[in-house]
Protein chains: 2
Amino acid sequence: MSSSSAAPAAKPPMRDALVAAAFQLFLERGYEQTTVDDIVALAGVGRRSFFRYFPSKEDVVFPDHERCLADMTAFLAESGEADEPVRRVCDAARLVLRMYAENPAFSVQRYRLTKKVPGLRAYELSVVWRYERALAAYLRGRLTGRPDGTLRADVIAAAVVAAHNNALRSWLRSDGKGDAGVAVDHALGYVQATFGRSARPHPASPLPEPVSAPTPAPSVSGGERAEHPDDVIVLVTRRDAPLWRVVQEFESTLGRA
Amino acid sequence: MSSSSAAPAAKPPMRDALVAAAFQLFLERGYEQTTVDDIVALAGVGRRSFFRYFPSKEDVVFPDHERCLADMTAFLAESGEADEPVRRVCDAARLVLRMYAENPAFSVQRYRLTKKVPGLRAYELSVVWRYERALAAYLRGRLTGRPDGTLRADVIAAAVVAAHNNALRSWLRSDGKGDAGVAVDHALGYVQATFGRSARPHPASPLPEPVSAPTPAPSVSGGERAEHPDDVIVLVTRRDAPLWRVVQEFESTLGRA
DNA sequence: CTCTCTCGTTGCACTGAGTGCCAAGATCCC
DNA sequence: GGGATCTTGGCACTCAGTGCAACGAGAGAG
């Protein structure tokens, strides 16, 4: 078998070599100042092979979004009726964060690049849009029959993406220092508090346990499943809200169908 | 002065001729099957002039978004402290709708085009993104000092855009039949009910304008700060979340600096 | 009236992304 | 060894977009 020695990876060596060469040139020369011919020359491969692995020059900057999008789609597809939809899409968003957090250095470099190059920003937008549509499609399925089903699905999906990106960008701006998971959890918590309600009928579980925190990780945890009946509901309302509204919120929060 | 006779417009005749020629060819031949040379040949002008009026081939499909974006920016800039921010951005979004509603036939044709051509969808996304950033920038200015100012600004801007687009697209899908204004008002009413609150100390003014929203306004709504000492905080976490995370959420929610 | 200065328009040549086609080499299976 | 198949590379082509310089019409000065 091929030894996992110095070379980058095993499965698609050429692809990774192209990404490495591309980023090296992009960083030292700039994106638009680098031609595809420069990349393939540095990588030592034929120009035609570049476009075999990447449909366009922009794709080489986002080499793993396609896989991540597939993961997210699968994650949403394996969701059951028991899952609370808003929580589910928030968890799906965390998949994207995890991908960024896997390679902080790479992500920060790419962020600097996309911030400067309008063409890359536009490309990133189209990628983000596909994530958002995946979330919205899932939510539409879960909210069919509800009063403003598709409207709410679209708005919630947009809110989740915006919150995720807000936290992600602030993390990237700080050069990947700090815990991205915490920031994203906070941002998604805001969205969840705004739109979410747990489907669990368990009413009484007032406060989380002290927890000796064996897991410093806020449990981003990609493919988690249904086994979280132990949520704690916290709800923000005005004190001047009529009581019936509070009760209504409360009831709908703890799991109407 | 030049008479406003039969011709489309007066100021830039060449620009309009290019738009007309482009759409004629796009509709009968398809976007990607039409080259810039085809357009300029039909319009009877030099190829170089095309790129004088439109930075790229895609721009000819959205000839008036630049102006609309400037209008929106101006509209937001002339806003005073007295305006309720969420209402203001909703009104700003209505400016975009108005532009679409001015030429229903044109808008529907363009919608069909952008729906089919991936490149145009990507371009439209970048345009929409600029609208969203304009809204978010305004909201950030209005929410500075608030607990999660920039987060809330980004999320609200995204929600407004999503709601607007939801209604707009459904109107476009129906060939421009029906009242687009009503649909958008309803969608924006949902957003306003979700995020909005009157900045006025007047407690009893649920919906000032005739937004056509007799909605009971679920107003889930995140946490306001200083001028609302009467909030009740409700927080959603997992039971297995470490306590430090809960405390952190709690503090950041009730607006520490 | 003519010269000139300017501005809008145009043609031309060039770069670079992306594609189709086919040849050359590697691999696998028999 | 002898295909069949897949990957890679090279070549030529289309088309978007840009820089440059020339051309022509209108405005103003003499």
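Labels below follow one simple rule: chain letters A, B, ... track the order of the sequence lines, proteins then strands, and each chain is numbered from 1.
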Spacing of [X] atom [atom1] relative to [N] atom [atom2], expressed in whole Å:
X	N	atom1	atom2	value
B:Phe50	D:dT18	CZ	C1'	14 Å
A:Lys57	C:dT15	NZ	C1'	12 Å
B:Phe51	C:dC14	CZ	C1'	14 Å

What about [X], does its side chain sit under 3.5 Å from the base of [N] through a donor-acceptor pair?
X	N	answer
A:Arg52	C:dG18	no
A:Arg47	C:dG18	yes
A:Arg48	C:dG20	yes

What contact category does B:Tyr53 fall into here, base, sugar-phosphate, or nothing, at under 4.0 angstrom with non-hydrogen atoms?
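Touches sugar-phosphate only.
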Taking the six-membered ring of A:Tyr100 (Phe, Tyr or Trp), confirm whether the NZ or CZ of A:Arg110 is under 6.0 Å from its centre and within 45° of its axis.
yes
Taking the six-membered ring of A:Phe75 as reference, does the NZ or CZ atom of A:Arg88 fall below 6.0 Å from its centre and within a 45° cone about the axis?
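Satisfied, under 6.0 Å and within 45°.
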Backbone of B:Asp38 reached by a side-chain donor or acceptor of B:Thr35 within 3.5 Å
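Confirmed, B:Thr35 side chain pairs with B:Asp38 backbone.
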Between B:Phe62 and B:His65, how do the two ring planes meet: parallel, tilted or perpendicular, split at 30° and 60°?
perpendicular
Return the orientation label for the B:Tyr190 and A:Phe195 ring planes: parallel under 30°, perpendicular over 60°, tilted otherwise.
tilted
Closer than 4.0 Å, any side-chain N/O of A:Ser49 to the OP1 or OP2 of D:dT8?
no
Looking at DNA chain D, which of residues 26-42 of chain A put a heavy atom within less than 4.0 Å of it?
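Contacting residues: none.
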Do NZ/NE/NH1/NH2 and the carboxylate oxygens of B:Arg121 and B:Glu58 come within less than 4.0 Å?
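Not counted as a salt bridge, because no side-chain N and carboxylate O are separated by less than 4.0 Å.
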